[in-house]
Amino acid sequence: MGTSALRDSKNSKEFVELAKKEANVDVEIITGDRESNLGFLGVLEGLESENSEEILVIDIGGGSTEFIVGDKDGVAFCKSENVGALRLTEKFFENEIVSDEELKATIDFINQTIQGTIDIVKSRNVKKLVGIGGTVTSVSAINQKLEVYSMEKVHNSKICKKELDEILQMLKNMTLEDKKRLKGLQPKRADIITAGVVILEGKISRIVQIYANIMEKLEINEIIVSEYDNLEGLMCQIAKKMS
């Protein structure tokens, strides 16, 4: 399936045709809403505990961030916003060492883009926050200082607000080469990880916060990290149709 990158691309049709011609792979470009629903379904499959309370799932991807609120009965609210780790890196971060001005501009942009969604989420009584996608799993690996990435150690791990602060402050002063040597960070993600953590943590200027703001308003102090996301959700959906 194709997500944000193919939704935004001007030549996505050409890509889909080439994928079929060269690799005999049928690529379906899915909407942001369907991506959110599949991500939520995947999270439910991977959670350690089951309850009837609503949870908030946030997926920070390369081009977009998905907000999904729901419970075991399904999704109650979902929204895809055009703020992603790669998109913000290309838009705001010109140098390896991130300046305070770049960080402030990034946070201001995030705030303006997602404020309506934040207001809706704040109005719901959500007690559990789950993060999915490459950014939050990378942050978990960094937080645990994993020399070798381990899905078992990352899945259902937890990150608190203080740990997010410390990781972000560390990353903003590191060069790209420093980040590539950082324990827990896969080298191929080093060039976009800072933007991802800015989205994830958001607490720097205390003006606008994304995860941190939601966590404070909802009195949630930690993020549960899920390795299960839209891929597992798609597999689960297909399996149910076949049964």
Side-chain angles (χ1 to χ4, degrees), residues 39 43 46-49 51 53-61 65-69 79 81 83-85 88 92-93 98 100 102-115 117-146 153-174 179 182-185 189 192-227 229:
V43 167
L47 282 179
E48 288 182 334
S49 60
N51 56 59
E53 292 183 341
E54 283 192 334
I55 63 173
L56 168 63
V57 176
I58 297 185
D59 178 8
I60 302 173
T65 294
E66 324 301 329
F67 295 80
I68 314 110
V69 177
K79 184 68 181 294
E81 298 284 8
V83 287
L88 292 180
F92 292 104
F93 298 152
V98 179
D100 291 338
E102 287 173 328
L103 284 173
K104 184 180 184 305
T106 305
I107 294 171
D108 287 345
F109 174 78
I110 293 169
N111 182 48
Q112 293 169 9
T113 304
I114 71 169
Q115 190 58 52
T117 297
I118 293 296
D119 290 341
I120 293 172
V121 172
K122 283 163 60 176
S123 70
R124 309 191 71 94
N125 187 30
V126 179
K127 298 300 182 184
K128 182 177 290 187
L129 177 60
V130 181
I132 61 177
T135 298
V136 73
T137 55
S138 293
V139 173
S140 175
I142 292 169
N143 194 43
Q144 298 182 65
K145 297 180 173 60
L146 298 181
K153 292 181 179 179
V154 169
H155 185 58
N156 280 320
S157 63
K158 297 176 181 179
I159 311 170
C160 69
K161 288 190 295 184
K162 181 181 178 182
E163 290 168 333
L164 289 174
D165 275 333
E166 293 171 351
I167 291 170
L168 182 56
Q169 290 304 315
M170 174 179 64
L171 287 173
K172 65 173 282 195
N173 294 313
M174 296 176 73
K179 293 169 192 171
L182 186 63
K183 289 181 181 179
L185 177 59
R189 289 192 179 274
I192 66 168
I193 190 65
T194 299
V197 177
V198 169
I199 301 173
L200 183 68
E201 194 272 346
K203 192 181 176 185
I204 307 174
S205 68
R206 288 206 175 268
I207 298 171
V208 177
Q209 303 166 26
I210 297 183
Y211 260 102
N213 189 33
I214 295 172
M215 292 162 78
E216 288 174 2
K217 296 296 183 182
L218 302 180
E219 298 182 354
I220 298 174
N221 189 51
E222 63 185 16
I223 305 167
I224 300 170
V225 180
S226 173
E227 275 276 7
D229 53 23

About how many Å separate [atom2] of [Y] and [atom1] of [X], when rounded to the nearest 0.5 Å?
X      : Y      : atom1 : atom2 : answer
Glu166 : Cys160 : CD    : SG    : 7.5 Å
Glu81  : Ile114 : CD    : CD1   : 6.5 Å
Lys79  : Ile68  : NZ    : CD1   : 13.0 Å

Notebook entry, point to check: Okay, side chain of Glu66, backbone of Gly39: is any donor-acceptor separation there less than 3.5 Å?
Noted result: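 No.
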Margin query: Treating Thr65 as the side-chain partner and Val83 as the backbone partner, does any N or O pair qualify as donor plus acceptor under 3.5 Å?
Written below: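 Indeed, once roles are kept as given, a pair shorter than 3.5 Å links the two residues.
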Where do [X] and [Y] come nearest, in terms of heavy atoms and distance?
X      : Y      : answer
Gln144 : Lys153 : NE2-O, 3.1 Å
Ile220 : Lys128 : CD1-N, 3.8 Å
Glu54  : Val126 : O-CG1, 3.9 Å
Asn143 : Lys158 : ND2-O, 4.2 Å

Item checked: Listed partners of Asn156 passing side-chain hydrogen bond (donor to acceptor under 3.5 Å, both in side chains), at least two apart ->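 For Asn156 there are no side-chain hydrogen bond (donor to acceptor under 3.5 Å, both in side chains) partners, ignoring immediate neighbours.
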Margin query: Under the criterion side chain to side chain contact (heavy atoms under 4.5 Å, CB included), I'd like the reasoning laid out for Ile120 against Phe67: C-alpha separation, chi angles, the key distance, then a yes or no.
Written below: CA-CA 10 Å; Ile120 293 172; Phe67 295 80; over 6 Å; no
Partner of [X] under side chain to side chain contact (heavy atoms under 4.5 Å, CB included), chosen from [options]:
X      : options                       : result
Leu129 : Ile58, Val57, Asn221, Ile55   : Ile58
Ser226 : Val136, Leu47, Val154, Val130 : Val130
Ile159 : Leu164, Ile142, Ile224        : Leu164

Margin query: Is it the case that the side chains of Asp108 and Gln112 hold a donor-acceptor pair, with the cut-off being a distance below 3.5 Å and no angle test?
Written below: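 Short answer, no.
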